*Asks:* 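What follows is a structure written as structure tokens; I'll ask about it next.
Predicted model only: the values in this text are computed from it and were never measured. The analysis underlying the following values was restricted to heavy atoms, covering all of them including side chains, and did not include hydrogens, waters or symmetry mates.
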Amino acid sequence: MNAAAIAALRLLGGVILAGLVWEAAVVGFGIRPHLLPRLSEILAAFAVTPGAYWAGLQRTAAETLIGFAAGTAVGIMNGVIFFRAPLLRDMLLPVFIVSQTIPVIAFGALVVMWFGNTLFAKAVIAFYLTFFPVTVNTLLGLNSVDPRQVALLRSFGASPRQILFRLQLPMALPQIFVALRLGASLSLVGAIVGEWFGDNTGIGVLLLQAMYNESVVALWAAILCAALLGTGFYALVAWAERRIVFWGAEQ
């Protein structure tokens, strides 16, 4: 059995144990349902309307993945440009920093007004929360490369492009993946927040509907959907890190 399978089994065992503790704690301590319902009641809510939760999960996953992918591509590109052009970095990086001080709820309202209640609008909000940490960590990773290694490649006649793709970017990958693991969560937050401004389906919609109906069970069911999606997305990024950055990824 390989390491990935063992890690998956450990995760599954931890989830099962947490579920048993949850159920036993609610029953044993007599916690009122409006504070914390039993896990079995929440799972029953999934069984009653599985289509709604599955559709919401698919929609939010699509928004998250599109925003995350775009944020990753733009963030890495920005990091490389800023590394190669310090003057441009000094001009634009402060603007990026200021943009990140805008609360996502305010930026989300503006994006929805521009693009409507579309999947694209939600993906833009997910992108907004992803590209900046990827930009910063790409720049940090590129700056951390030993200048002596760069000088050695130049002495062998390597071009700036070859140095970038064969040395600097590979050496920056551990830093980049730190940002990608963070972006995996932030992009999901952005997609859910975007759905709060109006949509027909999505985890954010399920959360709002549960709040309006004052249904604690449905609210926890939506929260578990978000946790499931976030955990799966993070695990996918961590798996990619172990495969790509095998010399520096956490085991």
Side-chain angles (χ1 to χ4, degrees), residues 56-83 89 91-142 172-199 201-208 211 222-241 244-245:
L57 198 67
Q58 287 181 301
R59 175 60 180 262
T60 303
E63 297 161 353
T64 302
L65 286 171
I66 293 171
F68 177 80
T72 297
V74 172
I76 293 175
M77 181 185 67
N78 285 340
V80 172
I81 291 173
F82 289 166
F83 176 71
R89 176 196 64 205
M91 292 172 58
L92 294 181
L93 190 58
V95 177
F96 286 1
I97 294 173
V98 171
S99 74
Q100 295 299 302
T101 65
I102 302 173
V104 64
I105 197 78
F107 178 77
L110 186 61
V111 170
V112 170
M113 288 181 64
W114 285 342
F115 302 109
N117 285 316
T118 61
L119 185 150
F120 178 74
K122 314 308 186 297
V124 168
I125 301 172
F127 161 84
Y128 167 74
L129 292 180
T130 303
F131 88 95
F132 181 73
V134 177
T135 297
V136 171
N137 277 44
T138 300
L139 182 59
L140 288 174
L142 292 172
L173 281 175
Q175 284 278 4
I176 293 173
F177 268 98
V178 170
L180 294 184
R181 282 185 271 134
L182 176 63
S185 300
L186 292 177
S187 57
L188 175 59
V189 171
I192 291 176
V193 168
E195 292 167 352
W196 287 350
F197 293 100
D199 211 327
T201 186
I203 294 176
V205 175
L206 294 173
L207 286 167
L208 283 182
M211 289 174 61
I223 290 172
L224 289 183
C225 276
L228 178 64
L229 181 58
T231 301
F233 196 21
Y234 184 93
L236 182 61
V237 174
W239 173 83
E241 181 179 11
I244 297 171
V245 197

*Asks:* Looking only at heavy atoms, what is the nearest atom pair of Ala126 and Thr130, with distance?
*Replies:* O-OG1, 2.8 Å
*Asks:* So, taking the atom named OG1 in Thr135 and the one named CG in Leu140, what distance separates them when rounded to the nearest 0.5 Å?
*Replies:* 11.0 Å
*Asks:* Which pair of non-hydrogen atoms, one from Thr64 and one from Ala191, has the smallest distance, and what is that distance?
*Replies:* OG1-CB, 3.5 Å
*Asks:* Please round to the nearest 0.5 Å and tell me the distance separating atom CD1 of Ile125 and atom CG of Leu186.
*Replies:* 13.5 Å
*Asks:* Please round to the nearest 0.5 Å and tell me the distance separating atom OH of Tyr234 and atom CG of Leu229.
*Replies:* 15.0 Å
*Asks:* Below 4.5 Å, heavy atoms only, C-beta onward: do Phe177 and Asn137 meet side chain to side chain?
*Replies:* no
*Asks:* After noting the C-alpha distance and the side-chain angles of Asn78 and Phe132, does the key distance pass the side chain to side chain contact (heavy atoms under 4.5 Å, CB included) rule?
*Replies:* CA-CA 9 Å; Asn78 285 340; Phe132 181 73; over 6 Å; no
*Asks:* What's the shortest heavy-atom distance between Phe68 and Ala184, and which atoms?
*Replies:* CE1-N, 3.7 Å
*Asks:* Between Leu139 and Gly79, what is the shortest heavy-atom contact and its length?
*Replies:* CD1-O, 3.9 Å
*Asks:* Looking only at heavy atoms, what is the nearest atom pair of Thr60 and Glu195, with distance?
*Replies:* OG1-OE2, 2.8 Å
*Asks:* Does the plane of the ring in Phe120 sit parallel, tilted or perpendicular to the ring in Phe115? Use 30° and 60° as the thresholds.
*Replies:* perpendicular
*Asks:* Starting at CG of Leu65, measure out to CG of Leu188 and round the result to the nearest 0.5 Å.
*Replies:* 10.0 Å
*Asks:* What do you reckon, is CE of Met211 surrounded by more than 12 foreign heavy atoms closer than 6.0 Å?
*Replies:* no
*Asks:* Using 30° and 60° as the class limits, which term best fits the ring planes of Phe127 and Phe131: parallel, tilted or perpendicular?
*Replies:* parallel
*Asks:* To the nearest 0.5 Å, what is the distance between CD1 on Ile66 and CD on Glu63?
*Replies:* 8.0 Å
*Asks:* Can you tell me how far the CD1 atom of Ile203 sits from the CG atom of Leu208, to the nearest 0.5 Å?
*Replies:* 12.5 Å
*Asks:* Is there a donor-acceptor pair closer than 3.5 Å between any side-chain N or O of Tyr128 and the backbone N or O of Ser99?
*Replies:* yes
*Asks:* Applying side-chain hydrogen bond (donor to acceptor under 3.5 Å, both in side chains), which residue pairs with at least one partner in residues 109-127 are found, sequence neighbours left out?
*Replies:* Lys122-Asp199
*Asks:* Does the side chain to side chain contact (heavy atoms under 4.5 Å, CB included) test come out yes or no for Leu180 and Glu241, once each step is laid out?
*Replies:* CA-CA 9 Å; Leu180 294 184; Glu241 181 179 11; over 6 Å; no
*Asks:* Nearest heavy-atom pair of Ala121 and Val111: which atoms, and what distance?
*Replies:* O-CG1, 3.5 Å
*Asks:* Would you confirm whether Thr231, through its side chain, and Leu228, through its main-chain N or O, come within 3.5 Å as a donor-acceptor pair?
*Replies:* no
